[in-house]
Amino acid sequence: VTRDHQAFLDLALPHLDVVWSLARRLAIFPVEPEDLVQETYLRAFAGFSRYRGGDARAWLVSICLNTARSLARRAKRRPREVPGPDETIPDSTDVGAEALGSLQRETLEHALAELPDAQRTAILMMDVSGLTAQETADIVGAPRGTILARVHRGRRRLAELLRERDSIDDV
Amino acid sequence: MTCDERRTVAYLAGNLAGDEAAAFEQHLLGCESCWTAVRDDRKGRELAEQLRTLAPSGLRDRVRANIELANGSRPVRRTLPVRRLVSIAAAVVVLAGSATFFGFHRGGDPAVVSDVLALASHSAPAHSSTSVRTYDGHRVDFSMYEMHGEPVALARSAQAFPMPAHAMPLGGVPGEPWIASRHGMSLLCLSQPSHVLLAGRMPPKDLLDFARSLGLAP
């Protein structure tokens with residue numbers, strides 16, 4: 001991999017949707033999700049000379065998670081739990097939009113925000129970002145089995161929360 | 001077979017050997033608790049995957065523009081650890097905190113930065129309209145322009161503009177140009193040949209081109 005900025009863009013930009021999906025749920029007031037995305041990419045570019053190959057998506061997810069945490073520590077504010085209705089992006093196309101109505105989507109965002117942080121992080125990394133349990137374990141610094149247990153409990157809680165709110169059909 | 005979350009997790013992760021998996025599936029037929037756990041895991045995963053979203057249109061271009069600007073304007077950046085850049089930015093903000101010119105609005109940005117962002121967010125700018133504001137005795141001249149149909153706010157001052165948190169210095173030291181992103185808008189601060197601060201809903205590179213067209217940037 002050459003170290004010029006075009007090589008970086010070719011490697012990193014294809015994962016913008018993943019970073020955006022993550023940033024929407026990790027951005028801390030007053031940092032907006034787009035600011036977190038920009039900061040993630042600038043930090044990744046700054047560290048590109050130290051990038052040793054491997055899965056670029058996992059690399060960017062790791063940087064986004066660490067950036068969000070460092071900004072959160074700095075802001076010392078409570079994490080934003082749910083994007084409000086006025087924060088939706090009208091011109092973005094959500095993969096799940098066709099399957100979920102706006103009300104159900106809002107309920108799902110609330111349910112995700114209610115999960116314990118460790119479970120929420122595991123779900124964001126595995127189910128939303130598409131990382132493997134091992135990649136997630138390497139980034140979080142926990143055993144793979146622990147990650148699998150966290151994501152299992154988080155998924156179950158998501159399903160339960162939405163069932164309790166009568167927002168999904170029981171299977 | 002007794003109910004065990006570890007076995008359920010291993011089954012869902014595909015970690016059970018063939019005979020173990022078959023035995024667990026036999027157990028599922030008669031165990032409501034384990035069946036519910038498997039069913040809810042699959043439903044929860046399906047729901048979580050629906051949280052994947054596409055980035056807003058234009059974000060890709062803005063990220064690309066920021067990287068290109070950082071790459072082209074700041075040759076020292078690659079060798080300067082980003083943590084140091086961030087700490088420099090934080091230090092500038094802390095040192096600047098006592099003066100009104102650098103005072104903070106509720107959103108966390110210095111007052112003059114918030115004001116130039118507010119001006120740029122106006123949907124119907126008056127072409128080349130101007131105004132003057134004073135921040136703790138420091139005069140700042142504001143001008144409004146339009147570029148590609150988007151309003152651009154320009155602030156000029158004899159003093160260096162304060163660098164807000166999360167801004168990216170382009171020279172690595174205080175007083176150098178910097179860029180920042182707020183609510184889909186870009187901020188570009190230049191110090192040569194004079195102190196100017198621009199804001200607009202466009203990539204920083206376009207703001208730089210705009211500044212050059214006015215002779216505000218080399």
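Of the two parts of B/R62, the backbone and the side chain both hold a non-hydrogen atom closer than 4.5 Å to a non-hydrogen atom of chain A. Proximity to chain B (any heavy atom under 4.5 Å) is shown, for A/R150, by neither the backbone nor the side chain. Residue B/V63 touches chain A through both its backbone and its side chain, counting heavy-atom pairs closer than 4.5 Å. Contact of A/L148 with chain B is made through backbone and side chain together, with heavy-atom distances under 4.5 Å.
Among B/A13, B/A10, B/A37, the residue with the largest count of heavy-atom pairs under 4.5 Å with chain A is B/A37. Options A/V37, A/V128, A/V18 differ in how many heavy-atom pairs under 4.5 Å they form with chain B, and the most are formed by A/V128.
Atom CG of B/L54 is separated from atom CH2 of A/W20 by 11.0 Å, given to the nearest 0.5 angstrom. Between B/H183 atom NE2 and A/D35 atom CG the span is 7.0 Å, to the nearest 0.5 Å. Between B/L59 atom CG and A/L16 atom CG the span is 4.5 Å, to the nearest 0.5 Å.
Here the rule is side chain to side chain contact (heavy atoms under 4.5 Å, CB included) with A/H152, and of B/D41, B/V38, B/D40 only B/D41 fits it.
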(request) Give the intermediate values and the outcome of side-chain contact (heavy atoms from CB on, under 4.5 Å) for residues B/L51 and A/E109. (result) CA-CA 8 Å; B/L51 290 169; A/E109 295 280 6; 3.6 Å; yes
(request) I would like to know whether B/T36 and A/R156 meet side-chain contact (heavy atoms from CB on, under 4.5 Å); could you show each step before the answer? (result) CA-CA 9 Å; B/T36 299; A/R156 290 197 65 185; 4.1 Å; yes
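Taking all atoms of both residues into account, the shortest heavy-atom contact from A/A159 to B/G44 is CB-N, 4.1 Å. Residue B/E49 comes nearest to A/D127 through the heavy atom pair CG-O, 3.5 Å, listed as atom of the first residue, atom of the second, then distance.
Between A/F8 and B/I67 the shortest side-chain heavy-atom distance falls below 4.5 Å. Contact of the A/Q6 side chain with the B/R64 side chain is registered, since non-hydrogen atoms from C-beta on lie closer than 4.5 Å.
Judged by distance alone, with hydrogens and angles left aside, the side-chain atoms of B/R60 form a donor-acceptor pair with the main-chain N or O of A/L13 at under 3.5 Å.
Remark: B/E5 engages A/R153 in a salt bridge, criterion side-chain N to carboxylate O under 4.0 Å.
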